Visitor: 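My structure is below; once you've seen it, I'll send some questions.
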Amino acid sequence: MRKWRKLFAQALIASAGILVALSGATTSVFANADGTTNVKNDKVTVNPAHGVTTNSIQGVDISNLQAELNAGVKFYGYNGKKQDILQTLEDSGVNYVRLRIWNDPYDSKGHTYGGGDATLANEVKTAKDATAHHMKVLIDLQYSDFWADPAKQALPKAWKNYTFAQKKTAVYNYTKKVVTTMKKAGVDIGMVQVGNETTKGMMQESDPAKYMQYIAEGVNAVHKYAPGALAAVHYESPSESSFAKIAAELKANKVNYDVMGATYYPHWNGPDSKLIGAEKVITKTYKKKFAVMEMSYPYTTDDMDGQNNIVGDITNPPFPISVQGQSDAISDVWKTVMQNGYGKALGAFYWEPAWIPVKAGWDNYQYNRDISVKYGTGWATQYAAKYYGDAGYSDQEENVNSYWGASSYDNQALFDPHGYPLQSLLTFKKMITNYVSGSAKKPVDRYKVAKKAYAYTFNGTSDNFTFKKAFALSSLKGYYKINKAEYVIKRNGKTYLYYHITSGKKSGWIWHSYLKKCPNKITKTVKVSYKHRYVVKNKKGSVYGFQGSSNDFQYVTLHYLKNYPKTHFTVTRKTYVKKYNGKTYLYYYVHSGNGKVHGYVWNGYLK
């Protein structure tokens, strides 16, 4: 995340009336003394996200969690009872967590830099809990001791005097160390992100020909030591042109990544067309997978811990600033990603939905500030300033000194300031849809019921519907033609072929495997050694072609016999056909004298 440049520096310039100085004696214009608690009961209507299934990544970044828990923060379930937050997330449809890891976020005296105290040890704890709750884990390796983004990519202190070759080796070995540690802990690693928002460089190197060698080393280590995991790279400010440039540089430098990740906050990086353009380049042109690694949206402008918010008022907000607007933002991002990935879209991650105040209420600012110094629960502590200064980022040192404190992200969380889940968190579960992915070719065969099951109606729209039982298939007798066929992608991500039949007043959709195909078959053909001549008996019937194999063919009408009342037909062979209904019929293969009419005719139509 582009922490200081994007958030604080720009906010001070453009929003001086919105963000106030961080001081325990100063009250934010958005402050609620006791926090905002009533919103947990705000209901939401979830917009369906066409293309989102249980196979899509419905992820959250909860890197800050262990610092919060260490500081005594409690989380609750929808029933109001205390509950493991991972259980609440699982109940809400979350299936993936993203966890950032900093090499050594402490100064020489052991003081934390803050930002969630994102050490390997802390993130292993969260990763193990996530795995126990059936979630995959994305490891976000930043190769820095604190926030890494386009404004700063500070080297880990331990690597400061390394040569270029030593830095490459360090990236490889550190990647190996993290993934093997996670694997030994039993973590289900789904993806490893090599570098964080490396748009302008990595590890204080801005030359793509050099810093992309760092990325390549990390990717190679992922593929070797976590062979079942995807290796991802990550960039911010997505657009068609910027991602085309990045993808070309990655290819030129032979970085064998699997996934391109993007930072996309609707209020900063929109509109959706920019994201779509970037995704198209990656998935269609370069054939790589695509995911949004960070997104979020505020549900209020209120401050809830005395630390003013990174996002206050938004000029022309793309969604209402409310719990409903937050839900809309989530479903819109997921829909955009899943509908525009040419089959290579993975999904997205919501950034820090659990970063709530340690003690709710703006009048608890000093308490939250002090706790941040102890447990690292805030955006930063004063001890991070020297790290950036020593790395040559004097502007970032100044920002840390000005803005360290408690959480500035609480108004974008998916939990209220007391740890109760908002209804917007349920968007992850509710936006999953059954949807029609496309019409299938309507079969011309006859079918009969093969299994005891049900026909269904699709209640809703083609983009979001539920199945409702229409009638039992046991009530169907005889043979039926299909009048429509469609492919349906269910919420489990699998595609099913459904046939539609109508029988009297009954009408419904049936999974094709519940029907048995009844083909026409040729059982015997006898050549006629002598030539018989026939004429049309009663002007009924047709001359047919048999399309298909002898064990499964369809009738194709070639001519109508009524148009040939006086034509003499010569029979050259007799063919016995066992039709779909089990009865056998005799057909003559005939041709007219001039040879213009030839094909199969049921013998009863000729005399």
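In this text, all values refer to a predicted model and were calculated from it rather than measured experimentally.
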Visitor: State whether the side chain of E240 and the backbone N or O of I276 hold a donor-acceptor pair below 3.5 Å, judged by distance alone.
Guide: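 Such a contact is absent between E240 side chain and I276 backbone.
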
Visitor: Quick one, I246 and V233 - any side-chain contact, counting heavy atoms below 4.5 Å?
Guide: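 They are not in contact (no side-chain heavy atoms under 4.5 Å apart), so the answer is no.
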
Visitor: Is there a side-chain contact between L230 and L346 in this structure, where contact means two heavy atoms from C-beta onward sitting under 4.5 Å apart?
Guide: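 Sidechains of L346 and L230: in contact.
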
Visitor: Give a yes or no on whether the backbone of T54 and the side-chain of N95 come within a donor-acceptor separation of less than 3.5 Å.
Guide: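 Yes.
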
Visitor: To check you understand the geometry: which heavy-atom pair defines the closest contact between Y297 and G325, and what is its length?
Guide: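 Answer, listing the atom of Y297 first, then G325: CD2-O, 4.0 Å.
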
Visitor: For Y387, is the NZ or CZ atom of K157 found under 6.0 angstrom from the centre of its six-membered ring and inside 45 degrees of the ring axis?
Guide: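 Output yes; distance and angle both within limits.
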
Visitor: Would you say the side chains of D145 and Y106 form a donor-acceptor pair under 3.5 Å?
Guide: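 The answer is no; no qualifying pair exists.
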
Visitor: Aromatic rings Y350 and F428: how do their planes relate, parallel, tilted or perpendicular, breaks at 30° and 60°?
Guide: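 Taking F428 first and then Y350, their aromatic rings stand perpendicular (interplane angle over 60°).
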
Visitor: Could you tell me whether a side-chain N or O of S408 sits under 3.5 Å from a main-chain N or O of Q307, the two making a donor and an acceptor?
Guide: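 Absent.
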
Visitor: Check whether the side chains of D395 and Y388 place a donor and an acceptor atom closer than 3.5 Å, and report yes or no.
Guide: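 There is no such pair (donor and acceptor under 3.5 Å, judged by atom type) between the side chains of D395 and Y388.
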
Visitor: Ignoring hydrogens and geometry, is there a side-chain-to-backbone donor-acceptor pair from D258 to A231 under 3.5 Å?
Guide: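 Checking the backbone N and O of A231 against the side chain of D258, a donor-acceptor pair under 3.5 Å is found.
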
Visitor: Tell me if a side-chain donor or acceptor on Q193 pairs with a main-chain N or O of G195 at a distance below 3.5 Å.
Guide: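 Yes, the answer is positive, given that a donor and an acceptor are paired below the 3.5 Å cut-off.
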
Visitor: Between V137 and Y96, what is the shortest heavy-atom contact and its length?
Guide: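 That would be C-CE2, 3.6 Å.
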
Visitor: Which heavy atom of M293 sits nearest a heavy atom of F349, and at what distance?
Guide: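 In this case the closest contact between M293 and F349 is O-CB, 3.3 Å.
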
Visitor: I'd like to know whether NZ of K128 has more than 12 heavy-atom contacts from other residues, nucleotides or ligands below 6.0 angstrom.
Guide: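 No, the 6.0 Å shell around NZ holds no more than 12 heavy atoms from other groups.
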
Visitor: Would you say that more than 12 heavy atoms from the other residues, nucleotides or ligands in this model lie under 6.0 Å from the NZ of K490, or not?
Guide: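 It does: K490 NZ has more than 12 such atoms within range.
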
Visitor: Which heavy-atom pair separates P48 from D463 by the least distance, and what is that distance?
Guide: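 That closest heavy-atom pairing would be CB-O, 4.5 Å.
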
Visitor: Are the side chain of S372 and the backbone of G405 linked by a donor-acceptor contact shorter than 3.5 Å?
Guide: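 Side chain of S372 to backbone of G405: a pair is present.
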
Visitor: Are the side chains of V39 and T300 in contact, using a 4.5 Å heavy-atom criterion?
Guide: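 A side-chain contact is absent here, since even the closest heavy-atom pair is not under 4.5 Å.
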
Visitor: Do we get K152 above Y393's six-membered ring, with its NZ or CZ under 6.0 Å from the centre and within 45° of the axis?
Guide: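 No, K152 does not lie over the aromatic ring of Y393.
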
Visitor: W147 and side-chain contact (heavy atoms from CB on, under 4.5 Å): which single residue from R100, Q396, E197 fits?
Guide: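 Of R100, Q396, E197, side-chain contact (heavy atoms from CB on, under 4.5 Å) with W147 is met by R100 alone.
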
Visitor: How long is the gap from CG on D188 to NZ on K136, to the nearest 0.5 Å?
Guide: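 Spacing of CG (D188) from NZ (K136) equals 4.0 Å.
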
Visitor: H234 pairs by side-chain hydrogen bond (donor to acceptor under 3.5 Å, both in side chains) with which of T198, T263, D140?
Guide: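 Answer after filtering T198, T263, D140: T263.
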
Visitor: For residues E279 and T336, report the shortest heavy-atom separation together with the two atoms involved.
Guide: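 That closest heavy-atom pairing would be OE1-O, 3.6 Å.
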
Visitor: When T53 is tested against each of I489, T495, N492 for side-chain contact (heavy atoms from CB on, under 4.5 Å), which residue passes?
Guide: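 Answer to the side-chain contact (heavy atoms from CB on, under 4.5 Å) test with T53 among I489, T495, N492: I489.
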
Visitor: How about V281 and M260: do any of their side-chain heavy atoms sit closer than 4.5 Å?
Guide: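 No; the side chains remain at least 4.5 Å from each other.
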
Visitor: Does the side chain of T88 reach to within under 4.5 Å of the side chain of L425, using non-hydrogen atoms?
Guide: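 In contact.
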
Visitor: Flag the pair V255 / V194 as yes when at least one side-chain heavy-atom distance between them is below 4.5 Å, and no otherwise.
Guide: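 Answer no - side chains too far apart.
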
Visitor: Is there a side-chain contact between P357 and D410, using heavy atoms and a 4.5 Å cut-off?
Guide: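 Contact flag for P357/D410 side chains = yes.
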
Visitor: Does S206 reach the side chain of K200, with side-chain heavy atoms less than 4.5 Å apart?
Guide: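 No, too far: nothing below the 4.5 Å cut-off.
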
Visitor: Could you tell me whether a side-chain N or O of S242 sits under 3.5 Å from a main-chain N or O of P238, the two making a donor and an acceptor?
Guide: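 Pair absent, no side-chain N/O of S242 close to backbone of P238.
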
Visitor: Could you tell me if D328 and N47 have a donor-acceptor pair between their side chains, going purely by distance under 3.5 Å?
Guide: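 Distance-only check passes for N47 and D328.
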
Visitor: Could you go through the ring pair (Phe, Tyr, Trp, His ring centres under 6.0 Å) check for W351 and Y409 one step at a time?
Guide: CA-CA 10 Å; W351 201 81; Y409 218 79; 4.7 Å; yes

Visitor: Against the six-membered ring of Y214, is K167 placed for a cation-pi contact (under 6.0 Å from the centre, within 45° of the normal)?
Guide: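 Negative - K167 is either too far from the ring of Y214 or too far off its axis.
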
Visitor: Using modelled atom types and a 3.5 Å cut-off, is there a donor and acceptor pairing between side-chain atoms of Q423 and backbone atoms of V44?
Guide: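 A pair under 3.5 Å: no.
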
Visitor: F415 and ring-ring contact (aromatic ring centres under 6.0 Å, His included): which single residue from Y299, F75, W355 fits?
Guide: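 Looking at Y299, F75, W355, the match for F415 under the ring-ring contact (aromatic ring centres under 6.0 Å, His included) is F75.
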
Visitor: Would you name the heavy atoms of D305 and A406 that are closest together and state the gap between them?
Guide: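 Scanning both residues completely, I find the closest heavy atoms to be OD2-CB, 3.4 Å.
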
